[in-house]
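The basis for the numbers below is simple: all heavy atoms, side chains too, and nothing from hydrogens, waters or symmetry mates.
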Amino acid sequence: GGNTEVGRTKKEANSKRKGYGGNIEGKGSIGNRGNTSIGRSKKAAGKRSALRRCSKMVLVLKAPWLDLILSGKKTWEIRGTQTKQRGTIHLALSGAGGQIAGQCRIGKSYAINKKTLSKHFTKHRIDDLSIITYRKPHVWEISHARRYKPPFLFDHPQGAVTWVRL
């Protein structure tokens with residue numbers, strides 16, 4: 001038809017017109033073939049981007065507790081209230097300028113009295129229970145802890161104490 005350029009097939013003319021056929025002819029300066037790929041190319045995701053995307057929530061912890069959780073020695077996090085958060089979450093070090101050090105899963109969350117708490121040292125790893133000043137302590141059951149090497153950086157908003165949303 002009169003629609004195609006001279007010496008080109010309809011497909012070649014259409015691919016050039018749509019703007020995503022690439023520089024098929026390799027025209028340009030000598031030594032520069034231009035874009036020789038045909039079709040749209042998807043930008044590759046980062047090597048560890050799936051880890052970052054696995055959760056939108058970051059729990060901020062102080063150093064000794066974070067290390068105990070990531071080593072698998074601490075399976076109960078003791079807090080003053082329950083959490084509705086379940087599933088995989090990121091763990092960040094408090095005061096480290098926004099470093100996500102690892103991840104874990106939160107299963108159950110329930111209230112516990114201090115007498116019962118004293119019987120489960122191996123789960124919470126708190127030597128001196130007098131540091132727990134909560135009127136009604138709560139257990140957050142933690143499992144599947146895993147450390148990230150190297151840690152991720154994230155924007156830690158000022159004033160965020162417990163949870164940060166990514």
Side-chain angles (χ1 to χ4, degrees), residues 19-23 32-166:
Y20 55 79
N23 186 3
N32 178 11
R33 289 212 25 153
N35 179 11
T36 57
S37 64
I38 297 175
R40 293 181 184 169
S41 62
K42 183 180 174 207
K43 184 179 179 292
K47 286 182 182 174
R48 301 186 313 150
S49 64
L51 284 178
R52 187 187 299 261
R53 288 192 316 264
C54 73
S55 174
K56 288 282 179 213
M57 295 306 288
V58 179
L59 177 62
V60 181
L61 298 153
K62 289 190 169 38
W65 310 122
L66 178 64
D67 290 333
L68 285 168
I69 288 171
L70 291 176
S71 68
K73 293 177 183 168
K74 180 176 165 74
T75 56
W76 281 6
E77 175 64 9
I78 308 301
R79 295 286 171 139
T81 59
Q82 71 168 353
T83 181
K84 291 181 179 156
Q85 188 69 42
R86 296 291 183 274
T88 302
I89 59 161
H90 295 295
L91 301 171
L93 180 59
S94 177
Q99 285 190 3
I100 298 175
Q103 72 178 33
C104 71
R105 286 188 199 156
I106 294 183
K108 297 177 187 169
S109 171
Y110 49 87
I112 192 168
N113 61 41
K114 286 192 181 182
K115 191 175 181 182
T116 309
L117 207 54
S118 65
K119 296 175 185 171
H120 294 282
F121 169 78
T122 57
K123 294 180 180 176
H124 58 70
R125 298 289 173 169
I126 302 169
D127 292 320
D128 182 10
L129 291 178
S130 68
I131 66 168
I132 299 174
T133 56
Y134 307 128
R135 193 173 56 81
K136 197 173 190 181
H138 285 73
V139 169
W140 298 0
E141 288 188 358
I142 292 171
S143 64
H144 298 86
R146 170 182 173 191
R147 188 179 295 274
Y148 296 153
K149 289 191 185 227
F152 287 107
L153 293 176
F154 77 107
D155 184 31
H156 188 183
Q158 202 156 6
V161 180
T162 306
W163 292 106
V164 176
R165 184 179 293 277
L166 288 181

Say you draw a straight line from CZ of Arg146 to CG of Leu70; how long is it, rounded to the nearest 0.5 Å? 11.0 Å

Which residues pass the side chain to side chain donor-acceptor pair (under 3.5 Å) test with Asp128, not counting sequence neighbours? Ser130

Nearest 0.5 Å, please: how far is CZ in Arg165 from CH2 in Trp163? 10.5 Å

Given 3.5 Å as the limit, does a donor-acceptor pair link the side chain of His138 with the main chain of Lys136, or not? yes

Nearest 0.5 Å please: distance from the CH2 atom of Trp76 over to the CD1 atom of Ile142. 11.5 Å

Suppose we screen for side-chain contact (heavy atoms from CB on, under 4.5 Å). Which residues come up paired with Pro157, at least two apart in sequence or across chains? Ala160, Val164

Quick check: does any side chain N or O of Arg86 sit under 3.5 Å from a backbone N or O of Gly107, one acting as donor and the other as acceptor? yes

Of all heavy-atom pairs linking Val58 and Ala92, the shortest is CG1-CB, 3.4 Å

To the nearest 0.5 Å, what is the distance between CD (Glu77) and CG (Leu59)? 6.0 Å

On a heavy-atom basis, the closest approach of Cys104 and Ala145 is CB-CA, 3.9 Å

Tell me the closest heavy-atom pair linking Cys54 and Thr88, and the distance in Å. SG-CG2, 3.8 Å

Among Lys62, Arg147, Lys74, the one residue meeting salt bridge (charged side-chain N to carboxylate O under 4.0 Å, His left out) with Asp67: Arg147

Residue pair Ile78 / Leu117: nearest heavy atoms and the distance that separates them: CD1-CD1, 3.6 Å

Quick check: Trp65 with Trp140 (ring centres under 6.0 Å apart)? no

Rounded to the nearest 0.5 Å, what separation is found between the CE atom of Met57 and the OG1 atom of Thr83? 8.0 Å

Here the side chain to side chain donor-acceptor pair (under 3.5 Å) pairs for residues 114-125, sequence neighbours left out, are Asn113-Thr116

Can you check whether Ile89 reaches Arg105 side chain to side chain, under 4.5 Å on heavy atoms? no

Working to the nearest 0.5 angstrom, can you tell me the gap between Tyr148 OH and Leu91 CG? 8.0 Å

